[in-house]
Structure formats: structure tokens, C-alpha cells
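We use all heavy atoms of the structure for the numbers below, so side chains are in, but hydrogens, waters and symmetry mates are not. Start at 1 with the first residue, then count along the sequence.
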Amino acid sequence: MATDYYAVLGVQRDASQDEIKKAFRRLARELHPDVNPDPKTQERFKEINTAYEVLSDPQKKQMYDLGGDPMGGASAGAGPGFGAGFGNFSDIMDAFFGTASQRGPKSRTRRGQDAMIRLEIDLNEAAFGTTKEIQVDTATVCTTCSGEGAAPGTSAQTCDMCRGRGEVSQVTRSFLGQVMTSRPCPQCQGFGTVVPTPCPECAGDGRVRTRRSLTVKVPAGVDNGTRIQLAGEGEVGPGGGPAGDLYVEIREKPHPVFQRRGDDLHCTVTLPMTAAALGTKVPLETLDGMEEVDIRPGTQSGQSIPLHGRGVTHLRSNGRGDLVVHVEVQTPSKLDPDQEELLRRLAKLRGEERPLGQFQPGQQGLFSRLKDAFNGR
């Protein structure tokens, strides 16, 4: 009695090739000897393998549908018959690993790797943007062989071991029957071609290392660690393949006056106590030029004064951060006799020359009342 291959795979007679393949993969995962070593399961596995070989081959399937014997009389359970059915080894691998083994020679041309260099800029360049010329050492296409890898006047030849297939096959016997396996050709390394006379300039790689100049546009607002992508400016691939990308990583030099926190800048100005008490104007060199910082009378140590819009340009939006000026009031550590006497008279005039701990709530301190004292009030 002829075997019903459609019933073996559990599909209808009008099933599509995709449905037949899915059914085979599902059964192969369940019945493979490595998963289920039961002898009856092994016989069942041979049956589905033979059924799939017939139904996945259009010519064999047509012969079977017309009542012929596409297996030449070999049954699914016989050892020799299984050897023919096991020709779809890649489909079995696909059933377990989700992808069939690669067929055919691999290309000598491959995409190159990405590259990265670091670029140092100062605060002013980071705040407003700049254009820089950089030198990079990367792999470029060999001009002698134009990326082919063969010496001028020669070319790659078809491998005589694998005849251009890039792989060689080997048949072995196991308890499952004859098994055909493939591996990359050892002579051509899987490329299908060999280069008898490699290019003397690149040694057959199709690329050489070269130093070249590039122009990098640095946008306003970049910070430490910001990476600028230059598409196609990285390493050229083997065989003259397309180049990867070049990434320029920004490193901002320390500034002698300003400390950057995000897009805001911070700095500290030191004032004598008299200037803080009376008020003054302090000249400050900002990123936009010289400006005067207004110190109001009675300014305390630690107080901050914001200068809006004097910081770093926002990288991905309009506007700028702020410049924050921190005030540090300096108390004199040494006084000459005249200065000491003047301060004592001032303290006495304001009623502040009292023993420690006897100041009353609500009384003003010395620094907050210096202005009134100097004005004679």
C-alpha cells in the first residue's frame, strides 16, 4: 500500500509549499532523535523526512500526485530510502535554529567598521559652534587594484576545489542513514574564488590605510561626550566594500573662569566687605564680551546674581543658558591701627560694640549697616 505523504505531514492535498514546510518543521522539532530517542519515534522521523522530500520537490510531487513512485521503490522506513530523504538537512537545521544554513559562496566585499576619534574644543567653540579640520587614519580603497585585491593585469579565478560554490560536501553514515554535510571550502575560505596573484600594495585585501583631512562642523551647544556622526567616513570594508561611519567625540577644555553645568555657566567674584556693603559694579569678561555686574548694597557672601541668556546655546532648541555669578565677601584678616580704630568707632556709633551674645533680636549686623554708617545716619 502506497504511503500517503500528505497524511504523514498532516496537511491537505492542496496545501501550499509554505504550509508543507511549516508542518515538516513542527514535526521535525517533535520527532528528531536528539529530542526523542525512542525507536518508534525514529521510524516516524524517517517517514516525515521522506514525505517532505517528495512534497517539497515540484517534480517528485507531480509524479506522486499522478500515482508514480518518486522514491524509486524505497520505502520511508528502509535505510537506503532514508538516505535520499535526508537531503533536506538545511530544513531540519532551520526547524531547530530558525534559519537555514547559508548556501553559495560568500562575498569578498563587506561593509567596513565604524571608527571614532576625539576632538578637543574650548568653551567658546562649544557655546557658539565652530568648523574644524581633522586628520584621520582609516582604511581606504586601494588605488592600485581598485579594491579587487588582485595584482594589475590579473583577476580572481574560480576555485577548482569547490568549483565556485564556496563549500564542499561530505557524506557520512549514521544510524539515521547517509548524512550529507557541507562546510566552507578550505582552499578558497568559502569565497568561491581564489586570487593567484594578490595586489602588492594591499596584499589582496582591497584596502590600505591612509591619512586624510576632513572638515567637521561642530554645532553650537555640544558638551563633553557629544558624538557627531559622519556617514560613510569610517573604515572601508574588505574587498573595497562600503565604508562605515566616523564618530567625532567632543572633549571640552577646562575654562579658567567659568564652570559649565548643562547650558548654564558659573563663576565666582570676590569683593571686600565694604564694596559688598556699599554696592559697586564689577567688570566681568563674558563669552559675549566685557560686561558690568551690578552688586547691590548689602550683598551677602554666597549670594548669586544671574545674567540671563549669557550661557551656552541650547543644542536642540533656541535660546541660551544663564551665567550665574556667585559673590564671595572677603573679610580682612589683618588691620592696621587706623583701620581697626575706624571699625571700632563705626561699631560703637551703631551700638554694635557689645559683649558676645548680647545682640538683641531685630538689630542689624555690621555689614548690613555699613552703608548707613558711612552716610552719617
Val218 and Thr131: side-chain contact (heavy atoms from CB on, under 4.5 Å), yes or no, with the steps?
CA-CA 6 Å; Val218 180; Thr131 299; over 6 Å; no
Take Thr138 and Arg212 through the test side-chain contact (heavy atoms from CB on, under 4.5 Å) and record every step on the way to the result.
CA-CA 8 Å; Thr138 58; Arg212 55 201 176 98; 3.0 Å; yes
Pair Met273-Leu343, side-chain contact (heavy atoms from CB on, under 4.5 Å): steps then yes or no
CA-CA 12 Å; Met273 64 178 187; Leu343 285 179; 4.0 Å; yes
Run Cys188 and Thr193 through side-chain contact (heavy atoms from CB on, under 4.5 Å) and show every step you take.
CA-CA 6 Å; Cys188 66; Thr193 59; over 6 Å; no
Run the numbers on Ser182 and Ser169 for side chain to side chain donor-acceptor pair (under 3.5 Å), then give the verdict.
CA-CA 4 Å; Ser182 299; Ser169 301; 3.3 Å; yes
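Without hydrogens or angle criteria, Asp322 side chain to Asp264 main chain gives no donor-acceptor distance under 3.5 Å. Of the possible polar contacts, none joining the Glu120 side chain to the Arg118 backbone as a donor-acceptor pair under 3.5 Å is found. One N or O on the side chain of Gln303 and one on the backbone of Gln300 form a donor-acceptor pair closer than 3.5 Å. Counting only distance, with no hydrogens or angles, the side chain of Lys106 and the backbone of Gln189 share a donor-acceptor pair below 3.5 Å. A side-chain donor-acceptor contact under 3.5 Å links Arg260 to the backbone of Gly262. Between the side chain of Glu125 and the backbone N or O of Asp122 there is at least one donor-acceptor pair closer than 3.5 Å. Between the Glu328 side chain and the Ser301 main chain, no donor and acceptor come within less than 3.5 Å of each other. Asn224 places a side-chain N or O within donor-acceptor distance of the main-chain N or O of Glu252, the cut-off being under 3.5 Å. When atom types are taken as modelled, the side chain of Arg44 and the backbone of Val8 share a donor-acceptor pair closer than 3.5 angstrom. Looking at Glu341, its side chain never comes within 3.5 Å of a backbone N or O of Asp338 through a donor-acceptor pair.
Checked for salt-bridge contact, Lys21 and Glu19 miss the test: no charged N lies under 4.0 Å from a carboxylate O. The pair Glu43-Lys46 meets the salt-bridge criterion, with a side-chain N (NZ, NE, NH1 or NH2) lying under 4.0 Å from an Asp/Glu carboxylate O.
Residues Tyr5 and Ile20 form no side-chain contact, since every pair of their non-hydrogen atoms from C-beta on lies 4.5 Å or further apart. Contact check for Val222 versus Ile121: side-chain heavy atoms found under the 4.5 Å cut-off. A 4.5 Å side-chain heavy-atom check between Val324 and Ile305 finds every atom pair outside the cut-off. When side chains are defined from C-beta on, Arg108 does not count as touching Pro238, because their heavy atoms never get closer than 4.5 Å. With contacts defined as side-chain heavy-atom distances shorter than 4.5 Å, the pair Gln330/Thr270 qualifies. Side-chain contact check for Gln135 versus Ser213: some heavy-atom pair is nearer than 4.5 Å. Val312 places none of its side-chain heavy atoms less than 4.5 Å from the side chain of Arg320. For the pair Leu55 and Phe24, the minimum side-chain heavy-atom distance is 4.5 Å or more.
The environment of CZ in Arg251 is crowded: more than 12 heavy-atom neighbours from other residues, nucleotides or ligands sit within 6.0 Å. More than 12 heavy atoms of other residues, nucleotides or ligands sit less than 6.0 Å from atom CZ of Arg209. Heavy-atom contacts from other residues, nucleotides or ligands closer than 6.0 Å to NZ of Lys22 number 12 or fewer. In this structure, Glu133 places its CD atom where more than 12 heavy-atom neighbours from other residues, nucleotides or ligands lie under 6.0 Å away. The environment of Arg13 atom CZ is dense: over 12 non-hydrogen atoms of other residues, nucleotides or ligands sit within 6.0 angstrom.
Across Gly164 and Pro105, no two heavy atoms sit closer than the pair O-CG, 3.4 Å. Summarising the geometry of Leu307 relative to Val293, their closest heavy-atom pair is CD1-CG2, 4.3 Å, with the distance given to 0.1 Å. Summarising the geometry of Glu53 relative to Ser56, their closest heavy-atom pair is O-OG, 3.5 Å, with the distance given to 0.1 Å. Of all heavy-atom pairs between Pro186 and Val168, the closest is CD-CG2, 4.2 Å. The nearest pair of heavy atoms linking Val141 to Val208 is O-CG2, 4.5 Å. For the residue pair Glu285 and Phe258, the shortest heavy atom distance occurs at O-CZ, 3.3 Å.
Residues Val216 and Val136 fall within the same hydrophobic cluster, defined by Ile, Leu, Val, Met, Phe, Trp and Tyr side chains chained together at heavy-atom separations under 4.5 Å. Phe128 and Leu119 sit in two unconnected hydrophobic clusters of ILVMFWY residues. Membership requires side-chain heavy atoms under 4.5 Å apart, directly or through other members. When hydrophobic clusters are built by joining Ile, Leu, Val, Met, Phe, Trp and Tyr residues whose side-chain heavy atoms come closer than 4.5 Å, directly or via intermediates, Leu315 is grouped together with Ile250. The cluster map of Ile, Leu, Val, Met, Phe, Trp and Tyr, joined by side-chain heavy atoms under 4.5 Å apart, puts Val257 and Val325 in the same cluster.
Here the rule is side-chain contact (heavy atoms from CB on, under 4.5 Å) with Leu323, and of Asp288, Thr286, Leu287 only Thr286 fits it.
For residues 298-331, the set of pairs meeting the ring-ring contact (aromatic ring centres under 6.0 Å, His included) definition, not counting sequence neighbours, comprises His266-His326.
Note that the CZ atom of Phe45 and the CG atom of Leu27 stand 10.0 Å from one another [nearest 0.5 Å]. The structure places CG of Asp114 at 12.0 Å from CD of Glu233, a figure rounded to the nearest 0.5 Å. Interatomic distance, Ser107 OG to Phe191 CZ, rounded to the nearest 0.5 Å: 8.0 Å. Here the CG atom belonging to Asp160 is positioned 8.5 Å from the SG atom belonging to Cys185, to the nearest 0.5 angstrom. Summarising the geometry, atom CD1 belonging to Ile134 is positioned 9.0 Å from atom CD1 belonging to Ile228; distances are rounded to the nearest 0.5 Å. How far NZ of Lys334 is from CD of Glu340: 13.5 Å, rounded to the nearest 0.5 Å.
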Check residues 195-207 and write down every donor-acceptor pair under 3.5 Å in which the side-chain atom is one partner and the other belongs to a residue at least two apart or another chain.
unit_1	atom_1	unit_2	atom_2	d
Asp205	OD2	Arg207	NE	2.6
Arg207	NH1	Val236	O	2.7

